[in-house]
Amino acid sequence: MDPVLSVQGVTVRFGDHLALNQADLSLAANETLAVLGPSGGGKSTLLRAIAGLEPLAAGRIESLGVDLAPFPTHRRGLGLMFQDATLFPHRDVLGNVMFGLIMKGEKRENSIRRAQAALELVGMEKFADRSVSDLSGGEAQRVALARALAPEPKLLMLDEPFGALDRPRREELNEELRSLCQRLPTAVLLVTHDHTEAFALGDRVMVLREGKVEQTATPTDLWRNPASPFVAEFLGWNVTHDAQGRVAAIRPDSITLTCELATDQERATVVARTFRKNHWRIRVETVSQQILEVEIANSNSERTLGVDGEGLAIGQSVGVAIDPGAAISFPELPSSHNSNKH
Ligand code: ADP
Ligand code: MG
């Protein structure tokens, strides 16, 4: 079966600037693809291009084998939701959710029934008669999601949908979105700059940087095998250069800190420590002046050989052991590499 969405060599320019540079992607029905990347990477431009809101300088966008170029946004079978999804202030909640259905020429009774069903999907069925000005930020985003879902789009596109909400609300809505995506026969394209969110929600994750697709893979493949120093660094790996200019990436949870220095270990000094619920994140500086980020699981005292995050003090001297199985060498230092920490 043809993919619900196929993006082939799509390029979008703003003047001289290549906001999207020959992007490719393919999305199956039922699949969720998370588009991940730093701010300015072209994520929103990709969604806007697919929606028909940005002209293509090159490339082709198809849905189920049909070229979308002749179709305006509202005829592309899309549900759209943005971070600042503004609801129509003069309609009540149900009126907002019915909007897309009425636009599609759906009869009033049918629109009401389907809008109510969409509100039920997002747990907002009791709010149908409310004025949208009485809603909290989280409730408003739920209504916006119901509005996007009500016409039963083949493809739902979400651009940092809960980015403006506080963390607990965002986690709660992400959790519900994930269960919704699994239940609905809808393909989902979700934009985020947060890799934890991308890993939690995406069946696959696509990393976009300066308009170019760096890598598309399942969350586990991406985490185990980042294809470039940029992807590794963006995901929080340690990216280091050796004397020959070769680049190595070391996963932060593959480094062990010890109190006693063994012969194969380098000495380092603890320079920072942060408590992160299930692990401590420890920053050390080695005698060869490399900065390494180390994750020490809170419950796993075995791996830390007597050193746990709590017991480590800033300025303390430790031995560093790296699991060679969790380190990647990249063939050479690509000229495009820069050390964008996020
Ligand atoms: P992201 O969503 O990943 O943060 P965007 O797709 O919004 O990135 O932007 C990609 C690049 O294109 C950025 O450099 C941005 O400044 C530029 N850009 C986006 N929209 C426009 C526009 N309408 N006019 C000019 N430049 C734009
Ligand atoms: Mg954006």
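Indexing begins at 1, ligand by ligand and atom by atom, following the structure's order. The basis for the numbers below is simple: all heavy atoms, side chains too, and nothing from hydrogens, waters or symmetry mates.
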(message) If I take every N, O or S atom of Ser44, is at least one of them less than 2.8 Å from the Mg ion (ligand 2)?
(response) yes

(message) Tell me the contacting part of His193 for ligand 1: side chain, backbone, both, or neither, using a 4.0 Å heavy-atom threshold, strictly below.
(response) neither

Note, [X] side chain near [Y] side chain (heavy atom, < 4.5 Å):
| X | Y | answer |
| --- | --- | --- |
| Val188 | Leu180 | no |
| Leu64 | Met1 | yes |
| Arg246 | Ser329 | no |
| Phe88 | Val132 | no |

(message) I'd like to check which ligand 1 atoms, numbered from 1 as shown, lie under 4.0 Å from a non-hydrogen atom of Gly41.
(response) 1 (P), 3 (O), 8 (O)

(message) If the cut-off is 4.0 Å to any non-hydrogen atom of Pro38, which atoms of ligand 1 fall inside it?
(response) 3 (O)

Starting from [atom], what is the nearest protein heavy atom, named by residue and atom, and what distance separates them?
| atom | value |
| --- | --- |
| atom 10 (C) of ligand 1 | Gly40 O, 3.4 Å |
| atom 12 (O) of ligand 1 | Ala19 CB, 3.5 Å |
| atom 7 (O) of ligand 1 | Ser44 CB, 3.8 Å |
| atom 14 (O) of ligand 1 | His17 NE2, 3.1 Å |

Is it the case that atom [atom1] in [X] sees more than 12 heavy atoms from other parts of the structure closer than 6.0 Å?
| X | atom1 | value |
| --- | --- | --- |
| Arg224 | CZ | no |
| Arg281 | CZ | yes |
| Arg170 | CZ | yes |

(request) Please check if a non-hydrogen protein atom sits closer than 4.0 Å to atom 25 (C) of ligand 1. (result) yes

(request) Considering only protein heavy atoms, determine whether one is less than 4.0 Å from atom 4 (O) of ligand 1. (result) yes

(request) Any chance you could lay out the side chain to side chain donor-acceptor pair (under 3.5 Å) test for Ser63 and Arg76, step after step, and finish with the verdict? (result) CA-CA 8 Å; Ser63 181; Arg76 293 191 173 201; over 6 Å; no

Does any N or O of ligand 1 fall below 3.5 Å from an N or O anywhere on [X], backbone included?
| X | result |
| --- | --- |
| Thr45 | yes |
| Phe14 | no |
| Gly42 | yes |

(message) Between Glu152 and Lys104 (salt bridge meaning N to carboxylate O under 4.0 Å), is one present in this structure?
(response) no

